[in-house]
Chemist: 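Sharing a structure with you now.
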Amino acid sequence: MRTCYYRSYQAIHKIISTFLPWRYPSLLEGEGSLDKLPAIIKDQKVDCLLIVTDQGIISAGLLYPFVEQVKSLSIDVCIYDKTVPNPTIQNIEEALELYHSNQCIGIVAFGGGSCIDCAKGVAARAARPDKSISEMRGQLKVKKKTPLLFAVPTTSGTGSEATLAAVISHTETQEKYAVNDPVLIPDYAVLDPLLTIKLPAHITAATGMDALTHAVEAYIGRSNTEETKKCSLQAVNLIFNHLPTAYSHGLNKESRRSMQKASYLAGVAFTRAYVGYVHAIAHTLSAFYGVPHGQANAIILPHVLEYYGASVYKPLAELADAAEICESEESDKEKAVKFIRSIKELNAAMNIPDKVSDIKDEDIPLMVERAHKEANPLYPVPKILLKDDLTRLYHLIKE
């Protein structure tokens with residue numbers, strides 16, 4: 001009965017989603033494309049800008065050339081640089097105060113997925129001052145037009161520059177959840193490989209596997225469209241062909257460019273087709289123990305795919321073909337097994353562990369409860385898992 005309810009909910013949700021105002025950010029792509037953004041901001045009549053970033057970006061010196069270009073066009077700038085990994089409600093409220101006190105009318109998210117999610121949270125609060133972030137948790141609760149949002153990703157993984165989601169952490173309750181609304185899709189996104197050229201290898205690895213998880217979970221789910229399937233296949237091809245090089249030879253601009261594109265395509269795919277149990281579990285690990293989201297996804301992904309069993313052989317076989325790791329005469333099962341094995345090998349080659357060392361047995365029941373609530377009935381997963389299944393998965397990934 002419960003499974004029937006979940007599937008009915010997902011089917012109705014898929015129908016409704018076809019009527020949502022989907023859109024894409026205007027893309028600036030290629031080496032040096034960030035230099036084009038200040039003039040666009042000026043053309044959009046933004047005379048005061050909030051930049052949401054973090055201390056890592058400040059320390060790396062990535063931001064200030066852009067700030068000087070913007071200021072040279074007589075645009076006032078204020079900077080919020082306290083965003084933390086897994087951004088919090090406190091981050092959003094602090095940045096919102098800056099936005100209002102400086103009378104900003106536009107927002108630039110400059111950094112990884114955490115900075116983009118924080119900026120989206122600010123945009124949501126600016127649009128709906130009557131609602132807290134917690135009150136906008138879930139689906140379609142922002143509804144009103146947000147300030148112009150410009151996304152400048154400096155990692156290649158979250159795809160947040162293409163999505164309708166802002167994923168926020170509530171530190172007091174140890175929860176991590178999403179605010180989902182098409183109005184949160186950025187208006188502009190900059191894919192400039194020069195911004196990722198010096199990305200540390202371990203961050204390259206984790207964010208790259210995050211993008212792979214997005215593409216895989218979107219593809220194997222039941223809410224695919226022809227477009228999302230195409231985007232997922234392209235993303236998987238790019239990741240398998242370029243992530244190893246981006247990891248081991250970080251100055252390779254072609255691999256950096258390809259990984260940015262893969263991240264964006266995977267973002268386009270999962271913002272329509274959704275994710276699944278990998279993300280539901282990963283969100284609890286980030287909320288409880290601060291495990292980086294991309295690393296959590298990388299560890300969990302092969303375990304969940306194996307747990308799905310025969311229900312995912314066909315789509316995984318198609319992804320294996322896209323990754324160019326199989327022979328045409330192999331069966332769907334053989335290709336699926338090889339695809340999962342290749343994920344494990346990719347993790348190992350990039351020094352990503354295969355287990356999570358921090359999990360405490362006493363935390364598992366509450367994490368199971370939260371992962372189950374996040375995934376069901378919303379996520380159109382290939383196979384419905386119940387709480388006992390999730391409990392087994394937590395023990396499988398526990399070191």
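Bear in mind that the values here come from a model prediction, so they are computed numbers and not experimental data.
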Chemist: Among the clusters formed by ILVMFWY side chains lying less than 4.5 Å apart, do Leu233 and Leu301 turn up in the same one?
Modeler: yes

Chemist: How long is the span from the CD1 atom in Ile58 to the CG atom in Leu63, to the nearest 0.5 Å?
Modeler: 5.0 Å

Chemist: Answer whether the closest heavy-atom distance between the side chains of Ile57 and Thr83 falls below 4.5 Å.
Modeler: no

Chemist: Check whether any side-chain heavy atom of Val108 lies under 4.5 Å from a side-chain heavy atom of Val70, and answer yes or no.
Modeler: no

Chemist: Evaluate the ring planes of Tyr9 and His13, with Trp represented by its six-membered ring, and classify them as parallel (under 30°), tilted (30 to 60°) or perpendicular (over 60°).
Modeler: parallel

Chemist: Mind running side chain to side chain contact (heavy atoms under 4.5 Å, CB included) on Glu29 and Lys261 for me, showing each step along the way?
Modeler: CA-CA 9 Å; Glu29 296 183 83; Lys261 189 67 173 183; 3.1 Å; yes

Chemist: If you round to the nearest 0.5 Å, how far is CD1 of Ile133 from NZ of Lys141?
Modeler: 12.0 Å

Chemist: Does any pair with a residue in residues 53-75 pass salt bridge (Lys or Arg N to Asp or Glu O under 4.0 Å), and if so which ones, sequence neighbours excluded?
Modeler: none

Chemist: Tell me, with the steps shown, if Ser263 and Thr207 meet side chain to side chain contact (heavy atoms under 4.5 Å, CB included).
Modeler: CA-CA 9 Å; Ser263 175; Thr207 55; over 6 Å; no

Chemist: Do the side chain of Arg23 and the main chain of Ile185 share a donor and acceptor less than 3.5 angstrom apart?
Modeler: yes

Chemist: Of Val142, Asp117, Ile92, Val167, which meets side-chain contact (heavy atoms from CB on, under 4.5 Å) against Val179?
Modeler: Val142

Chemist: Check Leu191 against Pro153 and note the closest heavy-atom contact, atom names and distance.
Modeler: CD2-CG, 4.0 Å

Chemist: In terms of heavy-atom contacts, does NE2 of His249 have more than 12 from other residues, nucleotides or ligands at under 6.0 Å?
Modeler: no

Chemist: Pair Arg128, Glu135 - check side chain to side chain contact (heavy atoms under 4.5 Å, CB included), show working.
Modeler: CA-CA 10 Å; Arg128 295 302 302 266; Glu135 289 172 326; over 6 Å; no

Chemist: How about Arg7 and Gln10: does a side-chain donor come under 3.5 Å of a side-chain acceptor?
Modeler: yes

Chemist: With a 6.0 Å cut-off (strictly less than), is the heavy-atom count around CD of Gln44, excluding the residue itself, greater than 12?
Modeler: yes

Chemist: What's the separation between atom OG in Ser169 and atom CZ in Phe288, rounded to the nearest 0.5 Å?
Modeler: 11.5 Å

Chemist: Partners of Lys42 by side-chain contact (heavy atoms from CB on, under 4.5 Å), sequence neighbours excluded?
Modeler: Leu73, Ser74, Ile75

Chemist: Distance-only, no hydrogens or angles: does the Asn91 side chain make a donor-acceptor pair with backbone N or O of Thr88 under 3.5 Å?
Modeler: yes

Chemist: Before accepting this row, confirm whether a basic side-chain N of the pair Glu31/Lys253 lies closer than 4.0 Å to the acidic partner's carboxylate O.
Modeler: yes

Chemist: Atom CD1 in Ile300, atom OG1 in Thr213: separation rounded to 0.5 Å?
Modeler: 8.5 Å

Chemist: Taking the side chain as everything from C-beta on, heavy atoms only, tell me whether Leu316 gets closer than 4.5 Å to Ile340.
Modeler: yes

Chemist: Above 12 or not: heavy atoms from other molecules or residues under 6.0 Å from CD of Glu362?
Modeler: yes

Chemist: Any chance you could lay out the salt bridge (charged side-chain N to carboxylate O under 4.0 Å, His left out) test for Lys338 and Glu330, step after step, and finish with the verdict?
Modeler: CA-CA 10 Å; Lys338 188 175 285 188; Glu330 291 178 288; 3.0 Å; yes

Chemist: What distance do Ile364 atom CD1 and Leu393 atom CG have between them, rounded to the nearest 0.5 Å?
Modeler: 11.0 Å

Chemist: Please say which of Val183, Leu20, Asn180, Leu164 ends up in a side-chain contact (heavy atoms from CB on, under 4.5 Å) with Leu140.
Modeler: Leu20

Chemist: Are any non-hydrogen side-chain atoms of Ile89 and Ser134 less than 4.5 angstrom apart?
Modeler: yes

Chemist: Does a donor on one side chain sit under 3.5 Å from an acceptor on the other, for Tyr277 and Asn376?
Modeler: yes

Chemist: Does any part of the side chain of Leu212, heavy atoms only, come nearer than 4.5 Å to the side chain of Leu243, both counted from C-beta?
Modeler: no

Chemist: Can you tell me which residue pairs pass the side chain to side chain donor-acceptor pair (under 3.5 Å) test with a partner in residues 301-326, sequence neighbours excluded?
Modeler: Tyr219-Glu318, Asn237-Glu324, Glu306-Lys344, Tyr307-Asp389, Tyr307-Arg392, Lys314-Glu318, Asp321-Lys335

Chemist: Are any of the side-chain nitrogens in Lys229 or Glu226 under 4.0 Å away from the carboxylate oxygens of its partner?
Modeler: yes

Chemist: Compute whether any side-chain donor of one residue and acceptor of the other, for Tyr247 and Ser255, lie under 3.5 angstrom apart.
Modeler: no

Chemist: Enumerate the residue pairs fulfilling salt bridge (Lys or Arg N to Asp or Glu O under 4.0 Å) with a member in residues 363-384, sequence neighbours excluded, ordered by first and then second residue.
Modeler: Glu369-Lys387

Chemist: Begin from the C-alpha positions of Ile384 and Arg2 and carry the test side chain to side chain contact (heavy atoms under 4.5 Å, CB included) through to its verdict.
Modeler: CA-CA 10 Å; Ile384 299 292; Arg2 189 174 298 173; over 6 Å; no

Chemist: So does Lys230 have more than 12 non-hydrogen atoms from other groups sitting under 6.0 Å from NZ?
Modeler: no

Chemist: Check for a donor-acceptor pair, side chain of Tyr289 on one end and backbone N or O of Lys360 on the other, with a separation under 3.5 Å.
Modeler: yes

Chemist: I want to check something: taking the side chain as every heavy atom from C-beta on, are Leu50 and Asn102 in contact at a cut-off of under 4.5 Å?
Modeler: no

Chemist: At what distance, to the nearest 0.5 angstrom, does CD1 of Ile397 lie from CD1 of Ile359?
Modeler: 4.0 Å

Chemist: Are any of the side-chain heavy atoms of Thr204 and Ser156 separated by less than 4.5 Å?
Modeler: no

Chemist: Can you tell me if Asp187 uses its side chain to pair, donor with acceptor, with the backbone of Leu149 under 3.5 Å?
Modeler: yes

Chemist: State whether the side chain of Ser286 and the backbone N or O of His283 hold a donor-acceptor pair below 3.5 Å, judged by distance alone.
Modeler: no

Chemist: Under 3.5 Å, is there a donor-acceptor pair between the side chain of Thr228 and the main chain of Asn224?
Modeler: no

Chemist: Does Gly250 offer a backbone N or O that forms a donor-acceptor pair with the side chain of Arg256 under 3.5 Å?
Modeler: yes

Chemist: Tell me yes or no: between the side chains of Lys120 and Thr163, is some donor less than 3.5 Å from an acceptor?
Modeler: yes

Chemist: Do Leu148 and Ile105 make a side-chain contact, defined as non-hydrogen atoms from C-beta onward lying under 4.5 Å apart?
Modeler: no

Chemist: Taking atom NZ as the centre, does Lys36 end up with more than 12 heavy-atom neighbours from other residues, nucleotides or ligands that are less than 6.0 angstrom away?
Modeler: no

Chemist: Anything under 30° is parallel, anything over 60° is perpendicular, the rest tilted; go ahead and classify Phe339 against Phe240.
Modeler: tilted

Chemist: Is the backbone N or O of Gln55 less than 3.5 Å from a side-chain atom of Lys82, with the two atoms forming a donor-acceptor pair by type?
Modeler: no

Chemist: Within the distance-only criterion (no hydrogens, no angle test), does the side chain of Ser258 pair as donor or acceptor with the backbone N or O of Glu254 below 3.5 angstrom?
Modeler: yes

Chemist: Hey, what else clusters with Ile15 if you join Ile, Leu, Val, Met, Phe, Trp, Tyr whenever side-chain heavy atoms sit under 4.5 Å?
Modeler: Phe19

Chemist: Do side-chain atoms of Asn86 reach the backbone of Pro292 as a donor and acceptor pair under 3.5 angstrom?
Modeler: no

Chemist: What heavy-atom pair brings Ser33 and Leu28 nearest, and what distance separates the two atoms?
Modeler: OG-O, 3.5 Å

Chemist: Treat each ILVMFWY residue as a node, draw an edge where side-chain heavy atoms are under 4.5 Å apart, and state whether Leu285 and Leu390 are in one component.
Modeler: yes

Chemist: Applying ring pair (Phe, Tyr, Trp, His ring centres under 6.0 Å), can you list everything that pairs with Phe66, at least two apart in sequence or on another chain?
Modeler: Phe110

